[in-house]
Protein chains: 2
Amino acid sequence: MSLPHAILTALLEKPSSGLDLTRRFDRSIGYFWSATHQQIYRELGRLEAEGHIRALPAAQPARGQKKAYEVLPAGRAELARWTAAPQDPKPHRDALLLRLRAAAVVGTAGLEADLRRHRELHRRQLAEYEEIEKRDFPPGDDSAQARLQHLVLRAGIELETFWIQWLTEALEDLPVVEDTP
Amino acid sequence: MSLPHAILTALLEKPSSGLDLTRRFDRSIGYFWSATHQQIYRELGRLEAEGHIRALPAAQPARGQKKAYEVLPAGRAELARWTAAPQDPKPHRDALLLRLRAAAVVGTAGLEADLRRHRELHRRQLAEYEEIEKRDFPPGDDSAQARLQHLVLRAGIELETFWIQWLTEALEDLPVVEDTP
DNA sequence: TGGTTCATGTAATGCGTTACATGATTAC
DNA sequence: GTAATCATGTAACGCATTACATGAACCA
């Protein structure tokens with residue numbers, strides 16, 4: 001139940017239309033909470049029905065017309081409540097680790113190529129994060145907001161770095177297991 | 001679409017009943033692919049209907065009776081196919097990072113306590129992993145299966161280590177942001 | 001005027017979660 | 001014999017994903 005709060009955060013940072021939000025969920029926010037435009041429109045409908053956001057009066061009408069939303073006080077209060085409330089971490093799901101464990105039983109055929117591909121994807125993501133860090137967090141900016149946002153970005157950078165390292169070790173170390181039914 | 005493959009892997013490692021599987025998904029496999037008993041029973045039904053597994057003839061009857069399953073050749077083939085096929089990594093979802101970003105807007109009240117709690121949870125998980133490593137992977141065992149399984153466990157250990165470090169830095173560095181509606 | 005892009009949706013399906021149900025076994 | 005636990009399920013709901021639909025604006 002975090003998508004509405006992700007949207008509230010995004011709208012507080014900057015009032016936006018559904019498509020604007022979709023684009024921001026493809027970078028930025030989406031780096032740690034992804035969402036498609038269908039999810040976003042559905043959730044915008046709910047948030048509006050609950051009185052947490054409203055369409056900006058400027059442009060409201062039908063299909064094909066841009067419609068921007070802003071957060072109402074009730075929405076800000078709900079986001080503050082959610083942010084302060086304790087939450088248990090969700091259990092992980094990592095298909096790649098699962099595949100390694102499966103490969104120990106049914107064989108490692110085909111794995112190496114995909115490990116290399118994943119490493120390349122992580123390298124690209126890391127490069128993107130480092131670009132953002134250089135652009136948005138030059139040394140010396142130490143406002144509270146900037147420090148919090150930088151902390152989040154650092155987590156992303158260090159996680160990508162971890163995966164690249166781990167995949168490199170895995171590729172060096174990958175034994176060959178034959179499939180022997 | 002990985003739960004059936006997680007179950008096939010578990011059953012190939014050792015034929016089991018639904019409850020046995022549920023217990024193994026609370027440790028071991030569940031460390032990187034969690035599942036509840038309801039999911040497991042539903043999926044066992046599907047896998048049996050598809051001819052990927054079968055109930056061991058020994059004990060099959062109704063409610064309250066233990067029923068163990070084993071993997072059929074078609075199930076092993078499907079698992080091998082899935083393991084070798086390329087898969088894109090799924091986008092991440094991390095509520096804690098989202099909360100930090102929200103806190104930059106609505107204030108950091110209440111966050112510190114939960115960051116400490118999360119760090120403690122990660123410390124416990126790390127201790128559990130290290131216990132398993134000591135017990136199941138003593139130095140010197142270098143069978144192909146053991147090396148693959150050890151690789152997976154190392155990923156878990158290093159990820160927990162990362163989160164503990166990151167949370168420690170975050171706690172040292174956490175600025176105070178007031179909620180100013 | 002016909003196609004592409006922008007923008008907002010609807011519909012169908014499937015996995016995950018929570019709550020509940022029911023038969024067997026064991027302990028007292 | 002009855003209460004707790006073991007073991008296997010059913011049912012309902014919600015979010016996420018995929019495919020499709022519709023209107024407006026722009027461009028050739």
Side-chain angles (χ1 to χ4, degrees), chain A residues 1-8 10-11 15-26 29-30 32-50 53-56 58-69 82 87-95 98, chain B residues 1-8 10-11 15-26 29-30 32-50 53-56 58-69 82 87-95 98:
Chain A
M1 257 280 293
S2 304
L3 177 57
H5 304 99
I7 292 178
L8 287 172
L11 287 180
S16 304
S17 68
L19 192 63
D20 289 341
L21 283 173
T22 301
R23 294 211 176 99
R24 292 170 66 193
F25 271 83
D26 281 338
I29 303 243
F32 47 91
W33 205 274
S34 66
T36 63
H37 81 274
Q38 294 89 336
Q39 287 175 271
I40 289 168
Y41 284 117
R42 188 201 324 173
E43 210 59 48
L44 284 172
R46 287 181 194 164
L47 285 166
E48 191 175 24
E50 287 165 353
I53 62 174
R54 67 164 181 185
L56 283 176
Q60 77 276 44
R63 267 193 136 96
Q65 291 306 97
K66 242 188 174 170
K67 191 162 65 170
Y69 292 91
W82 177 82
Q87 280 182 39
D88 284 333
K90 290 262 155 176
H92 308 159
R93 296 251 162 101
D94 193 304
L98 186 55
Chain B
M1 255 281 292
S2 304
L3 178 57
H5 304 100
I7 292 178
L8 287 172
L11 287 180
S16 304
S17 68
L19 192 62
D20 289 341
L21 283 173
T22 301
R23 293 209 176 100
R24 293 171 65 194
F25 272 82
D26 280 339
I29 303 242
F32 47 92
W33 205 274
S34 67
T36 64
H37 81 272
Q38 293 91 334
Q39 285 176 274
I40 289 169
Y41 283 118
R42 189 188 353 186
E43 210 58 46
L44 284 172
R46 287 178 194 169
L47 286 166
E48 192 175 23
E50 287 166 353
I53 63 174
R54 68 164 181 184
L56 283 175
Q60 77 275 49
R63 267 191 137 96
Q65 292 306 98
K66 242 189 174 169
K67 193 162 60 170
Y69 291 91
W82 177 81
Q87 281 182 40
D88 284 333
K90 289 261 156 178
H92 308 159
R93 296 250 162 102
D94 193 305
L98 185 56

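These figures come from a predicted structure and were not determined experimentally. Lettering of chains follows the sequences in order, A, B, ..., and the numbering in each one begins at 1.
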Listed by chain and number, what are the side chain to side chain donor-acceptor pair (under 3.5 Å) partners of [X], not counting sequence neighbours?
| X | answer |
| --- | --- |
| Ser2(A) | none |
| Gln87(B) | none |
| Ser17(A) | Asp20(A) |

To the nearest angstrom, how far is [X] atom [atom1] from [N] atom [atom2]?
| X | N | atom1 | atom2 | result |
| --- | --- | --- | --- | --- |
| His5(A) | dC15(D) | NE2 | P | 12 Å |
| Glu43(B) | dG14(C) | CD | C1' | 10 Å |
| Leu19(B) | dT22(C) | CG | P | 20 Å |
| Leu44(A) | dA7(C) | CG | P | 15 Å |
| Leu47(A) | dT8(C) | CG | P | 15 Å |
| Leu56(A) | dT8(C) | CG | P | 12 Å |
| Arg46(A) | dA16(D) | CZ | C1' | 11 Å |
| Glu48(B) | dT8(D) | CD | P | 13 Å |

Polar side-chain atom of Thr22(A) near backbone of Gly18(A) as donor-acceptor pair, under 3.5 Å: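 Between the backbone of Gly18(A) and the side chain of Thr22(A) there is a qualifying donor-acceptor contact (under 3.5 Å).
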Side chain to side chain contact (heavy atoms under 4.5 Å, CB included) involving Glu48(B) - partner list, sequence neighbours excluded: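 If we apply the side chain to side chain contact (heavy atoms under 4.5 Å, CB included) test to Glu48(B), skipping adjacent residues, the hits are Ile53(B), Ala55(B), Tyr69(B).
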Give me, pair by pair, the N or O atoms of the protein and of nucleotides 17-20 of chain C that are less than 3.5 Å apart, along with how far apart they are.
| unit_1 | atom_1 | unit_2 | atom_2 | d |
| --- | --- | --- | --- | --- |
| dT17(C) | O4 | Arg42(B) | NH2 | 3.3 |
| dA19(C) | N6 | Gln38(B) | NE2 | 2.7 |

Of Asp20(A) and Trp33(B), the one whose closest DNA chain C nucleotide lies more 5':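 Nearer the 5' end of the strand: Asp20(A).
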Sugar-phosphate, base or nothing in reach of Thr22(A), heavy atoms under 4.0 Å: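 Answer is nothing: Thr22(A) stays at 4.0 Å or more from every strand.
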Residues which pass salt bridge (Lys or Arg N to Asp or Glu O under 4.0 Å) with Arg93(B), listed by chain and number, not counting sequence neighbours: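 For Arg93(B), no residue satisfies salt bridge (Lys or Arg N to Asp or Glu O under 4.0 Å) once neighbours in sequence are set aside.
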Contact under 4.0 Å: Ser17(B) side-chain N or O vs dT8(D) OP1/OP2: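 The answer is yes; a side-chain N or O of Ser17(B) sits under 4.0 Å from OP1 or OP2.
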Phosphate contact (dG9(D) OP1 or OP2) by Tyr41(B) side-chain N/O below 4.0 Å: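 False: Tyr41(B) side-chain N/O out of range (4.0 Å or more) of dG9(D) OP1/OP2.
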Closest non-hydrogen atom pair, Ala95(B) against Trp33(A):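 What the structure gives for the nearest pair is N-CZ3, 3.6 Å.
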Along DNA chain D (nearest heavy atom to each residue), the more 5'-positioned of Leu3(A) and Arg23(B):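 The answer here is Arg23(B).
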